[in-house]
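Beneath this line is the structure, given in C-alpha cells, with notes to follow.
In what follows, every chain begins at residue 1, and chains take the letters A, B, ... in the order their sequences are listed.
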There are 2 protein chains.
Amino acid sequence: MTKRSARPHPRDATKPRTRIQKRNRELILGAALEVFSKHGYRGATLDQISSEAGLSKPNLLYYYPSKEAIHRELLHGLLDTWLDPLKELDHGGEPLDEILEYVQRKLQLARDYPRESRIFANEILQGAPTILPDLEGDLKALVDRTAATIRRWIETGKLAPVDPVHLIFSIWALTQHYADFDIQVRAVNGGVDPFPGAEQHLNTLFRRMLTPDQGAS
Amino acid sequence: MTKRSARPHPRDATKPRTRIQKRNRELILGAALEVFSKHGYRGATLDQISSEAGLSKPNLLYYYPSKEAIHRELLHGLLDTWLDPLKELDHGGEPLDEILEYVQRKLQLARDYPRESRIFANEILQGAPTILPDLEGDLKALVDRTAATIRRWIETGKLAPVDPVHLIFSIWALTQHYADFDIQVRAVNGGVDPFPGAEQHLNTLFRRMLTPDQGAS
DNA sequence: TCATGATTTGACCAACCGGTCAAAGTCACG
DNA sequence: CGTGACTTTGACCGGTTGGTCAAATCATGA
C-alpha cells in the first residue's frame, strides 16, 4: 500500500515546475530542432539529441517519456510559429498590401527559420502522422476564415479574381520552397544567396497576379 | 591462386545480362519506389522492400550490393523523368504558350507520379547527399539554357520582364507542392481533389504574371 | 544427361537504437 | 545539518536492421 511513487518523470508532462526543468526542456527542444531538421524523425537518434543538448540519454528520457513525445511537442510549438504570419493579416486593411506583406513575412520566416520549415515539411511528407488533426482543425479553420476575406476583397474589385484557397497554397509553396529545397536552389543558382532575388520576384509575381484589370467598369 | 571468383553479385553493376535479372531489378526498383516514397530513405527497411517485391532479403542483396545502391539507382532514374518536361520546352515556340504548357506538364507529373516526387523531395530535404553533383551539373546546365531562352523572349517583348531562374523555381515550387504536401492540401481543402482547381489556378496565375503590358511602345 | 554458372534462401551476426533501472548525487528548505 | 524530493547516470536489455555466408536449387546449352 505504499505510494507507487517516484515515476521516473517529473510529476506531469504539462508545465515545468523548477528552474532546472525549464532550462533542460528548452535545451532538449533546441537540440531536437537541430537534429530532427538535419536527419528527419526516423534518421535522428536519441544519442544525437542528448549529445547536442549536453545531457545523457537517460536524462533526456527523464524529461520526456519517449522520442516521439519530444517530436510531438516540438512540432506543436512549431505550428504556432508557422501560422502566426497568416493570423497577423489585417482583414480590414488594404487588400493588395496585406497579401504582399504576408508573402514577405512568410519568406522572411523561411529565410530565418529554415530548420523549423524543414521539420514541418518532413512531417507533411510522411503523411502528417502526428499533426494531421491540427491541420484539419485549426489550420483549416484559419484558411477558411482568410479565404472568406479574400473572396470579399475580390467582390469589391480591390483584387483580381483568383481562387482564394489556391492563392494561399501558392504563397506557402513559393515561400517554403526556398527553405526546404535550399540545396537545390543554391545548386542551380550557382551558390548565390537566392533570398534577395526571391523577395523581389515574389513581390512582382503576386502584384501582377492580384492587381485588378484597369479597364473594368 | 584460384580465382577469387563468385562474388555474390551478378558480374557487373551495369547492365542486366539475363531475362531474370531484368525482371527482378525492375521488381526491386518498383518496390523501392513504393517503400522509399512512403517512409523515406531512413525509415524504409530492406525487409519491407523485399517483401513488397516478393523476394527474399538476401536475394535483394544479390542484385544490389546495398540499400544505398538501390536508392541511388532509383534516384538517378527519377531525375531523368523529372527533367523531361523542361527538356521538351520548344525554344523556338510561342513564349507564353510554351511556359503555360510546361506548367501543365509538370502539374500532371505531380498528379500522376506523386511517389516519385516525394522521393525526390525527401532527397533534397536531407541535403541531396546522393544527387547533389547531378543538380550542380546537368540540372544547372539545363536551367541556364532555359533561362537564356526566357531572357531572349523577354527582350523581344513577348513576355513580361521577370527573373527567369526564379520563374523556374516558381513553377517547380507550385507544381510539386500539390504532390509533396498532398495531405496538407487535402486537409485544408476539405478532402476535395485539388488538381482540377490547381490546373486552372496555375494557368491564370502564370498568364497574368507573364503577359506583357499592352501599353508598351 | 550432365556440368557449369546463375539464382535463391535459411541461418546467422554485429551494430545500433529506444528505452529501463537501480543507485548515486544534488538541491532547497525547515 | 538533515531529510525528502528532484536530478543524473552507468550498465544493461530486447528488438530491429543492414548485411554475410555456405549450401541448396534452378536454368541452360553442349
To the side chain of [X], which of [options] is closest?
X      : options                  : result
N24(A) : dT8(D), dG19(D), dG18(C) : dT8(D)
Y63(A) : dG18(C), dT7(D), dG10(C) : dT7(D)
P58(B) : dT9(D), dA28(C), dT9(C)  : dT9(C)
D47(A) : dC17(C), dT8(C), dA28(C) : dC17(C)
Q21(B) : dT20(D), dT20(C), dT7(C) : dT7(C)
I20(A) : dT8(C), dT8(D), dG18(C)  : dT8(D)
S56(A) : dG18(C), dG18(D), dT9(D) : dT9(D)
R23(A) : dG19(C), dT8(D), dT8(C)  : dT8(D)

For residues A187(B) and E136(A), report the shortest heavy-atom separation together with the two atoms involved.
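Result for this residue pair: CB-CG, 3.8 Å.
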
How are the rings of Y178(A) and F169(B) set to each other: parallel, tilted or perpendicular (split at 30° and 60°)?
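Judged by the thresholds at 30° and 60°, the geometry between Y178(A) and F169(B) is perpendicular.
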
Length of the [atom1]-[atom2] vector between [X] and [N], whole Å:
X      : N       : atom1 : atom2 : result
L46(B) : dG18(D) : CG    : P     : 4 Å
R42(B) : dC17(C) : CZ    : P     : 9 Å
L55(B) : dT8(C)  : CG    : C1'   : 9 Å
E68(A) : dG19(C) : CD    : P     : 8 Å
R19(A) : dC29(C) : CZ    : P     : 9 Å
L60(B) : dT20(D) : CG    : P     : 13 Å
Y41(B) : dT17(D) : OH    : P     : 14 Å

Report the C-alpha distance between D112(A) and Q108(A) in whole Å, list the side-chain angles of each, state the deciding distance to 0.1 Å, and finish with yes or no for side-chain hydrogen bond (donor to acceptor under 3.5 Å, both in side chains).
CA-CA 6 Å; D112(A) 298 338; Q108(A) 275 162 30; over 6 Å; no

Determine: side-chain N/O of Y62(A) to OP1/OP2 of dT8(D), distance under 4.0 Å, yes or no.
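No.
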
Hey, is the side chain of N59(B) poking within less than 4.0 Å of OP1 or OP2 on dT9(C), counting only N and O atoms?
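True: N59(B) side-chain N/O within range (under 4.0 Å) of dT9(C) OP1/OP2.
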
Take Q184(B) and W172(A), measure what side-chain contact (heavy atoms from CB on, under 4.5 Å) needs, and give me the verdict at the end.
CA-CA 11 Å; Q184(B) 190 191 40; W172(A) 291 348; 4.0 Å; yes

Assess the side chains of T130(B) and H71(B): does a donor N or O sit below 3.5 Å from an acceptor N or O?
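The criterion, which ignores hydrogens and geometry beyond distance, is not satisfied for H71(B) and T130(B).
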
With sugar-phosphate meaning primed atoms plus P, OP1 and OP2, does A44(A) contact a base, only sugar-phosphate, or nothing at under 4.0 Å between heavy atoms?
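Sugar-phosphate contact only - A44(A) comes under 4.0 Å of backbone atoms but never of a base.
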
